[in-house]
Amino acid sequence: MTSRFPAGTIYLYHMGNGVTDDMKIAVITGASAGIGRELVYAIDKEAAYDEIWVIARRKERLEELRDKCTNPIRPIALDLSDLSSIDDY
């Protein structure tokens with residue numbers, strides 16, 4: 001089954017009401033290795049985010065990013081090709 005969220009995809013969100021509580025969040029899939037991991041480093045260097053959400057199957061690889069990035073990292077261990085893993089999260 002092909003994932004609806006291909007590895008190395010980045011989604012940028014700006015949440016809030018435009019006056020207060022605004023948050024800049026980057027969501028990067030396939031972040032444990034390869035292009036996805038390089039995107040995490042590039043986004044981390046490029047701008048300040050309230051959080052970077054990193055998604056991949058290997059939780060330990062995602063947690064390593066916390067020590068290597070200046071922006072707060074939120075590791076989310078999911079297999080996006082298996083929709084039941086999303087339900088389990």
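In this text the structure is predicted, and so the values were computed from the model without any measurement. These numbers come from the heavy atoms of this one structure, side chains and all, not from hydrogens, waters or symmetry mates.
Counting heavy atoms from C-beta on, the side chains of Arg66 and Pro75 come closer than 4.5 Å. Using a 4.5 Å heavy-atom threshold, the side chains of Ile28 and Ile52 count as touching. Residues Val40 and Cys69 meet the side-chain proximity criterion, which asks for heavy atoms closer than 4.5 Å. Considering only heavy atoms from C-beta on, Tyr49 comes within 4.5 Å of Ile43 through its side chain. Contact annotation: the side chain of Ile73 never approaches that of Trp53 to less than 4.5 Å [non-hydrogen atoms, C-beta and beyond].
Residues Ala31 and Ala56 come closest through the heavy atom pair N-CB, 3.9 Å. Here the closest heavy-atom approach between residue Arg37 and residue Arg61 is recorded as NH1-O, 3.1 Å.
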Give the C-alpha distance, both sets of side-chain angles, the deciding distance and a yes or no for side chain to side chain contact (heavy atoms under 4.5 Å, CB included) between Ile55 and Val27. CA-CA 8 Å; Ile55 303 172; Val27 179; 3.7 Å; yes
Begin from the C-alpha positions of Thr29 and Leu80 and carry the test side chain to side chain contact (heavy atoms under 4.5 Å, CB included) through to its verdict. CA-CA 8 Å; Thr29 62; Leu80 294 176; 3.6 Å; yes
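Lys59 contributes atom NZ, which lies 14.0 Å from atom OG of Ser32 (distance to the nearest 0.5 angstrom). Note: Arg74 CZ to Glu63 CD = 13.0 Å, rounded to the nearest 0.5 Å. Between the CZ atom in Arg57 and the CD1 atom in Ile76 there is a gap of 16.0 Å [rounded to 0.5 Å].
Scored by the side-chain contact (heavy atoms from CB on, under 4.5 Å) test, Ala42 finds no partners at all (sequence neighbours excluded). Asp44 meets the side-chain hydrogen bond (donor to acceptor under 3.5 Å, both in side chains) test with Thr70, Asn71; sequence neighbours excluded.
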